[in-house]
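FYI, the numbering just counts along the sequence from 1. The structure presented is a predicted model; accordingly, all values stated were derived computationally and were not measured. Only heavy atoms go into these numbers, but all of them, side chains included; no hydrogens, no water, no symmetry mates.
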Amino acid sequence: MSDIAKYRHEGRLRRHRRVRKKIHGTADRPRLAVHRTNQHIHVQVIDDDASRTIVAASTVEPDQRSLGSGATIDAARRIGALVAERATAAGISEVVFDRGGYVYHGRVAAVADAAREAGLEF
């Protein structure tokens, strides 16, 4: 890892730890966690009290891989809508959004907007 990449990665982890001090998912209002890579996006709905992932969606899933690249805003919108649909089916209507130390822009914002449009409340 180059020095610049290491510096940026450490900065993201620092931001993520700072955000996680304030955000905590419960059974009533779990945490919607976003992880973004250069090629994919992963979203989980997590109950931190029970240390359990309730639902998850990712562009790595076979049915999502066939729809095209996982590194686009359109893919992030699909994943946001999919995780909201799965969360609603699991009886979850309200979540706390955890951006994972990433800037609330682009693919991260697209996930949040699509989840809101699909029925989740933040």
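- Taking every heavy atom of both residues into account, Gln44 and Thr53 meet most closely at NE2-OG1, 3.9 Å.
- Minimum heavy-atom separation, Leu67 to Asp63: CG-O, 3.5 Å.
- How far CD of Gln64 is from OG of Ser58: 8.5 Å, rounded to the nearest 0.5 Å.
- The distance from the CZ atom of Arg86 to the CG atom of Leu120 is 13.0 Å, given to the nearest 0.5 Å.
- Taking both residues in full, the closest heavy atoms of Ala118 and Ala84 are given as CB-CB, 3.5 Å, listed atom of the first, atom of the second, then distance.
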Point to revise | Residues Asp28, Glu94; criterion side chain to side chain contact (heavy atoms under 4.5 Å, CB included); working and verdict | key: CA-CA 8 Å; Asp28 296 332; Glu94 292 185 346; over 6 Å; no
**Study point:** His40/Arg65 under side chain to side chain contact (heavy atoms under 4.5 Å, CB included): CA gap, chis, key distance, verdict
**Key:** CA-CA 10 Å; His40 296 287; Arg65 287 180 81 95; 3.6 Å; yes
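- Grouped by direct or indirect side-chain proximity (heavy atoms under 4.5 Å, Ile/Leu/Val/Met/Phe/Trp/Tyr only), Val19 sits with Ile23, Val96.
- Although no hydrogens or angles enter the test, the distance criterion places no donor-acceptor pair under 3.5 Å between the side chain of Arg107 and the main chain of Ile73.
- Nearest heavy atom pair, residue Pro30 against residue Ile92, reads CG-CG2, 3.8 Å.
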Exercise for review: Begin from the C-alpha positions of Val55 and Val83 and carry the test side chain to side chain contact (heavy atoms under 4.5 Å, CB included) through to its verdict.
Suggested key: CA-CA 7 Å; Val55 295; Val83 77; 4.1 Å; yes
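- Taking each heavy atom of Ala27 and Asp49 in turn, the nearest pair found is N-OD2, 4.4 Å.
- Residues in residues 68-83 take part in these salt bridge (Lys or Arg N to Asp or Glu O under 4.0 Å) pairs, two or more places apart or across chains: Asp74-Arg77.
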Check your understanding: For Phe97 and Val108, what are the C-alpha separation, side-chain angles and deciding distance, and is it a side chain to side chain contact (heavy atoms under 4.5 Å, CB included)?
Key -> CA-CA 10 Å; Phe97 188 70; Val108 175; 3.9 Å; yes
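- Side-chain contact check for His16 and Tyr102: no donor-acceptor pair (N or O, by modelled atom type) lies under 3.5 Å.
- Note that the CZ atom of Arg15 and the CZ atom of Arg12 stand 8.0 Å from one another [nearest 0.5 Å].
- Between atom CZ of residue Arg99 and atom NE2 of residue His105 there is a gap of 13.5 Å, rounded to the nearest 0.5 Å.
- Taking CG of Asp47 as the start and OG1 of Thr26 as the end, the distance is 6.5 Å to the nearest 0.5 Å.
- Within the 3.5 Å criterion, the main-chain N or O of Gly25 finds a donor-acceptor partner in the side chain of Asp48.
- In this structure, Phe122 places its CZ atom where more than 12 heavy-atom neighbours from other residues, nucleotides or ligands lie under 6.0 Å away.
- Remark: Asp3 CG is loosely packed, at most 12 non-hydrogen atoms of other residues, nucleotides or ligands lying under 6.0 Å away.
- The hydrophobic clustering, which links ILVMFWY residues whose side-chain heavy atoms are closer than 4.5 Å, places Val95 and Ile46 apart.
- Closest non-hydrogen pair, Lys6 versus Met1, comes out as CA-SD, 3.4 Å.
- Put simply, CZ on Arg36 and CD1 on Ile79 are 15.0 Å apart, with the number rounded to the nearest 0.5 Å.
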